[in-house]
Structures are given as structure tokens and as C-alpha cells.
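Take a look at the structure set out below.
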Amino acid sequence: MEDTLTEAPGTAADTTKITVRGLQVYYAGTHAVRDVDVDIPAKAVTALIGPSGCGKSTFLRCLNRMNDTIPDARVTGEICIDGEEIHDARVDPVQLRAKVGMVFQKPNPFPKSIRDNVAYGPKIHGLTRTRAELNEVVEKSLRRAALWDEVKDRLDAPGTGLSGGQQQRLCIARAIATAPEILLMDEPCSALDPIATAQIEELIDELRNRFAVVIVTHSMQQAARVSQRTAFFHLGRMVEYGDTGELFTNPADPRTESYITGRIG
Amino acid sequence: MTATWTLLTLLVIAAASFPLGRARALACAGGDSCALHSLPRHYGWASVLLTLGPALVLFVLLEMTAPATPAGSLAVVACALVALAWALRRMHPGFRARQTVERGVLALLMLAACVAIATTAGIVLSMLFETQNFFAQYGWREFFLSATWAPRFQGDSDLGILPLLWGTLYISLIALVLAVPVGLFAAIYMAEYAGQRFRAIVKPGIEVLAGIPTIVYGLFALITVGPLLRDYFAQPLGLGSSGSSVMTAGLVMGIMLIPFVSSLSDDIIAQVPQSLRDGSLGLGATRSETIRQVVVPAALPGIVGAVLLAASRAIGETMIVVLGAGAAAKLNLNPFEAMTTITVKIVSQLTGDGDFAAPETLVAFALGLTLFAITLCLNVLALAIVRKYREQYE
């Protein structure tokens with residue numbers, strides 16, 4: 001846990017964390033993602049926007065090899081995290097997913113206590129040696145997910161009893177607890193009300209100090225608020241990728257312009 | 001006979017009231033069905049309900065108080081006719097026939113729900129009555145605490161339930177020890193790992209197992225499993241030479257219960273939301289860790305329900321025990337010894353040609369009531385467990 005928290009001072013936001021080259025994804029008969037090349041920076045929030053079915057969630061699920069769990073999905077091309085190809089036979093997808101955490105669209109706390117939800121990852125990966133150490137990880141993760149003050153008196157209550165926004169922050173705490181380097185978020189606010197959304201967005205901004213965050217969102221305002229880099233997907237292709245401010249004020253591609261001004265999608 | 005005729009007459013009157021009510025409502029509206037509050041058929045059904053309802057209530061009341069008399073039948077038919085006339089008077093276009101039919105449907109549904117409850121109550125009451133007769137002749141202390149079961153037709157029998165209770169529990173335990181892990185593992189494999197083609201072949205195969213009559217399982221126990229266990233396990237190990245044994249009945253009963261456990265658990269596991277599996281896999285858990293720590297705990301209420309259903313079946317099973325474990329009431333730990341269960345003894349005490357008022361026969365009701373109490377406790381326990389875990393899940 002500790003080693004990922006103390007980063008060398010030299011790592012700036014422009015260091016590349018993930019390099020993707022020539023990525024193709026096929027689902028039974030459909031070509032869901034085509035020729036995607038992208039460099040995702042460390043310590044920044046990268047937003048993926050685009051209309052429904054454009055392949056942005058599929059792309060996101062490639063980054064922690066979650067598509068492996070779908071029987072008829074096929075992924076080709078190159079994805080390197082810190083220069084290491086994640087499809088290499090030496091890479092264990094199970095270990096990879098501990099390093100690349102994921103938060104889903106709908107809050108999905110396990111039917112366990114709040115403590116056990118957060119402790120789940122550290123326990124299965126054997127990250128802690130003593131009970132005290134585990135409790136420390138739980139507290140630290142919950143604090144970092146801005147949930148500690150609300151749940152510290154009821155850690156043994158079921159996680160499913162929290163409100164929607166709290167559940168989503170619990171899921172973020174659960175993902176942080178395995179000490180990942182990258183955090184993937186698949187429309188994390190789409191099931192939440194505006195207040196809970198604002199809390200999560202604030203949290204995402206905090207998280208960028210420690211993790212590379214990749215977030216899929218349907219809300220362009222959200223992309224503009226939380227991200228530094230934005231990629232626009234359309235019909236399985238990545239149409240445009242650049243600085244968020246630049247992409248929203250001065251899009252290079254006419255399709256991006258149509259989408260952000262509301263004419264397609 | 002009068003009752004049948006009365007009912008038939010009522011049916012004829014009811015059948016006639018449908019077109020009458022419908023026609024009457026239409027006539028009042030001047031033949032314009034759009035001017036009616038409800039559809040024309042609602043008026044028909046409403047007059048059927050209004051005609052039949054009071055007459056049936058009167059019929060049931062008369063049947064309960066006095067056996068069918070011609071006068072009573074006449075009264076019922078007259079009641080139906082009066083109700084019909086009254087119903088027809090009400091069939092004007094403003095009458096809310098749809099709501100009346102709705103209330104009729106509600107009453108029908110409530111009646112159906114009450115039949116189940118009333119039957120259960122009736123069964124318990126009749127058992128209680130006979131059990132009371134039994135305990136008037138035989139001490140409850142001997143019944144519940146005596147370790148010998150030796151009925152004699154001359155009287156002066158030992159009717160202790162303990163050997164039978166022990167046999168029941170022992171055989172059920174062996175059956176569940178076999179059926180629960182095998183059924184549960186099969187369900188997990190089918191729901192989480194198996195491919196489409198494997199499922200398509202194996203799932204119907206397992207369900208065939210559930211359709212085999214228990215007497216056929218009993219034959220299997222008698223001619224195959226029993227001799228097999230005797231020749232290859234009991235005799236070489238020096239544990240006895242009985243063809244029928246607790247182990248035989250327990251194993252065969254366990255095979256019978258596998259499909260109960262597996263198909264119920266399979267459905268329940270398949271209902272666990274995919275998002276929970278994704279969440280666990282996304283944290284770097286392997287598939288088996290996901291199943292053990294997330295999927296099965298989430299499905300636990302249903303799995304416990306399936307297991308307790310299987311347990312109730314095991315406790316109530318008769319045929320496999322008769323053919324597999326024999327009819328000797330014994331208190332013994334050796335699983336290769338012949339023993340018997342409560343259900344088998346209920347059958348044998350009631351099918352003899354003994355005096356029906358003798359304790360040797362009446363004991364069957366006390367045994368039945370005990371069995372009922374045991375399964376009731378199991379069900380209450382199941383409900384408690386299910387409720388505890390469901391709270392955590394939702």
C-alpha cells in the first residue's frame with residue numbers, strides 16, 4: 001500500500017501511463033472498437049465521451065482485461081501499462097485487475113459489512129499481515145473516498161444499506177484498497193442524484209493526485225469539469241483526443257463539434 | 001343426491017343469468033353499448049355473481065347445520081331466483097358492473113388462499129383429536145422417552161418413539177450429507193462454468209432424476225445398492241450382513257434429493273446480479289473466490305431454502321426406507337444395520353387389522369403429529385435464516 005502513495009517528485013501529469021496501439025475488439029460478429037491509438041497520462045483524469053454504443057465502455061474494459069470474462073469477446077492490438085504489454089503470457093489478469101481498479105455504473109457493494117467490502121481486495125491478495133494493518137487500510141481507503149466520517153460508527157452494518165451516493169463511494173474505497181495505480185470508472189455517476197454526483201466529482205479530482213483516472217461519462221459537462229484530457233469516440237473509432245479545454249472549445253474534427261454542440265448522439 | 005341436484009339447478013340459473021343481465025343492461029341503454037358504464041359482458045358476469053353468491057352462501061350454511069333436505073334445496077333455489085330478479089333490476093347503464101366483477105374476483109382469490117390454510121388447520125385438528133385419544137390410553141412419558149418399539153396385538157406394547165426418530169434422523173442425515181454438496185456443486189458448475197451445450201444436455205438429465213417415482217428408487221435400493229454395500233463394505237469390514245441398511249436408504253434418498261437441491265440452487269445462483277460478479281472480478285478476485293465469497297453468500301437464503309425443502313422431503317420419505325432400510329425399529333449407530341423411520345411405522349400400524357381404538361393403532365396419529373411438528377420447526381428455522389440473510393442482501 002505504502003509504496004504507491006509516496007511517488008517520486010519528478011512524475012508530472014504528462015508522463016504516459018498507458019499506451020494503446022492498434023486496438024481492435026470484436027464481440028460475436030460486431031467490431032466494437034476499431035484502430036484505437038492513445039496515450040493515457042499518469043496523475044490526470046482522462047474522460048471518454050461519445051454516444052451510447054460507441055465502444056467507450058468496451059475500450060475501458062480492455063484496460064483491465066475485464067473483456068476476458070465475456071466468452072465471445074476478442075481483443076487484438078497492444079496495450080502497455082508502464083511499458084509492459086498486459087496481454088503478455090507473463091501477466092496474470094487477476095494481478096492486473098488489482099493494479100487497475102474499476103468502479104461500475106451501478107453501485108455494486110457486496111452483501112457484506114462496510115468493513116468487509118473494503119477489506120475484500122486486501123484480503124484476497126494478502127496485502128496485510130495483521131488485523132490492525134487491515135483496519136488501517138480500511139480506514140485509509142474510506143477516508144480517501146470521503147466516506148469515513150459518515151460510516152466510522154457503523155463499519156459492521158451492511159454496505160447495501162447505504163444511500164446510492166454512499167454506496168458508490170464505498171465502491172471507490174473498495175477499489176482504492178487494493179492499492180491500484182489506475183482507476184477505471186464506467187459512468188460512475190449515472191445512477192446518482194446531483195448532490196451525490198458533485199461529491200463523487202470532487203473525489204475524482206482528489207484521486208488524480210495519486211492515480212491515473214480514466215472515466216467514461218455521458219455528461220459532457222462532467223467531462224469538462226473533472227478531466228484534463230478527453231477522448232471522443234464515435235462508431236467504435238476514437239475520433240479525437242486532446243486537452244479537455246481545447247477539445248471542448250476548439251474541436252478539430254467536425255464530428256466532435258457536432259456531438260458537443262448536440263447535433264449527433 | 002339432493003345436494004347434487006341443487007347445485008346443478010343453481011348452475012343452470014347462473015348460466016341463464018349471464019345473457020339475461022347482459023340483455024337487460026343493453027336494453028336499458030337503448031341498445032347502445034357505448035352508453036353503458038362497463039362492457040356488456042361485465043353486466044353478464046355481475047348478474048352471475050349477484051345470483052350465485054347469496055344462494056351458495058345459504059347452501060353451505062344449510063349443509064353445515066343440517067343434512068340436505070328437500071325443503072332446504074327449495075329454499076336455496078328460491079334464494080337464487082330472488083337474487084336473480086334483484087340483480088336484473090339493478091342492471092341499468094349507470095351500474096358499475098366492472099367494479100362488481102372485480103370484487104367477485106377478489107373474493108375468489110381470497111377463498112383459494114383460505115382453502116390452503118383451512119385444510120392445514122383441519123389436518124392438525126384431526127391429528128390432535130386422535131393423538132389425545134392415544135395419550136388417554138398410553139403415557140406420554142413412555143412414548144417420548146422409551147427406547148423400545150415393540151407393538152403387540154394383545155396389548156401391553158412398548159411404543160417408544162426414540163428408535164423411530166433416530167432412524168428418521170439418521171437416514172435423513174446421510175441423505176443430506178450426500179445430496180447437499182453434490183447438488184450445490186452441480187448447481188455452481190451449471191450456473192457459473194458450464195457452456196451452453198453442456199447445460200443443454202445435463203440439466204434435463206438431472207431433472208429426469210426428479211421425475212422418477214420413489215418406489216422405483218426403492219427397487220434400486222433393494223436389488224442393487226443394498227447387496228452392493230453388504231458384499232463390498234459391511235461384510236468385509238465386519239459391520240453386519242444385512243442387505244437393508246440405513247446406509248442403503250440414505251444413499252438412495254440422497255440421489256433422489258440431488259435434483260431438488262441442484263435445480264433450485266441453480267436458479268437462485270443465476271439470479272445473483274452480474275454486477276456483483278463484475279465487482280469482484282474487477283478487484284482481481286479469481287472466479288472461484290468470487291463464487292465462494294460473493295455469489296454463494298448472496299444466494300444463501302435461497303440455497304438454505306432448497307436444503308430445508310430437501311430435508312423435509314427426506315424426513316417424510318417412506319418407500320425408499322421400506323425397501324432400503326427395512327422395518328426393524330432399532331437404536332444403533334452402525335450405518336449398515338437395518339433400521340426404520342416414523343413414516344414406515346405409521347403405515348404398518350394403520351394397515352394391520354388391529355382394533356382402531358387400541359393404542360397400537362392410535363400411536364400412528366401421535367407419530368404423525370410429531371413428524372408434522374418436526375417439519376414445522378424446520379420450516380420456521382428456514383424462514384428465520386432466510387430473513388436474516390435477506391436483510392443483509394437488500
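We use all heavy atoms of the structure for the numbers below, so side chains are in, but hydrogens, waters and symmetry mates are not. Given the structure is predicted, the values throughout are model-derived calculations rather than measurements.
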With side chain to side chain contact (heavy atoms under 4.5 Å, CB included) as the test, would you mind laying out the steps for A:Q105 and B:D278 before giving the verdict?
CA-CA 11 Å; A:Q105 184 170 356; B:D278 281 348; over 6 Å; no
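- Interface remark: A:V103 contributes no atoms to any contact with chain B (heavy atom separation under 4.5 Å).
- Shown here are the salt bridge (charged side-chain N to carboxylate O under 4.0 Å, His left out) partners of B:E192, two or more places apart in sequence or in another chain: B:R277.
- Pairing each heavy atom of A:Y120 with each of B:E289, the nearest pair is OH-O, 3.8 Å.
- Using a 4.5 Å cut-off between heavy atoms, A:R65 does not touch chain B at all.
- Within a 6.0 Å sphere centred on CD of A:E85, other residues, nucleotides and ligands contribute more than 12 heavy atoms.
- The OG atom of B:S280 sits 5.5 Å away from the CD1 atom of A:I124 when rounded to the nearest 0.5 Å.
- Atom CZ of B:R98 has 12 or fewer heavy atoms from other residues, nucleotides or ligands within 6.0 Å.
- Shown here is B:F233, whose CZ atom has no more than 12 heavy atoms of other residues, nucleotides or ligands within 6.0 Å.
- Of the two parts of A:P109, only the backbone, made up of N, CA, C and O, holds a non-hydrogen atom closer than 4.5 Å to a non-hydrogen atom of chain B.
- A:P111 approaches B:L276 most closely through the heavy-atom pair CD-CD1, 4.0 Å.
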Could you go through A:K123 and B:Q293, starting from their C-alpha distance and side-chain angles, then the distance that decides it, and tell me whether this counts as side chain to side chain contact (heavy atoms under 4.5 Å, CB included)?
CA-CA 11 Å; A:K123 266 188 195 161; B:Q293 306 206 22; 5.8 Å; no
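- Residue B:K203 qualifies as enclosed at atom NZ: its count of foreign heavy atoms under 6.0 Å is above 12.
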Below 3.5 Å, can you tabulate the donor-acceptor pairs from side chains in residues 115-123 of chain B to any protein atom, sequence neighbours excluded?
from, atom 1, to, atom 2, distance (Å)
B:T119, OG1, B:V115, O, 2.4
B:T120, OG1, B:A116, O, 2.8

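- Counting heavy atoms of neighbouring residues, nucleotides and ligands inside a 6.0 Å radius, atom CZ of B:F185 does not exceed 12 of them.
- Not a single donor-acceptor pair under 3.5 Å links the side chain of A:H125 to the backbone N or O of B:A285.
- Between atom CG of residue B:L283 and atom CZ of residue A:F110 there is a gap of 5.5 Å, rounded to the nearest 0.5 Å.
- Counting non-hydrogen atoms of other residues, nucleotides and ligands closer than 6.0 Å to CD of B:Q274 gives a total above 12.
- Taken to the nearest 0.5 Å, the CG atom of A:D92 stands 9.5 Å off from the OG1 atom of B:T286.
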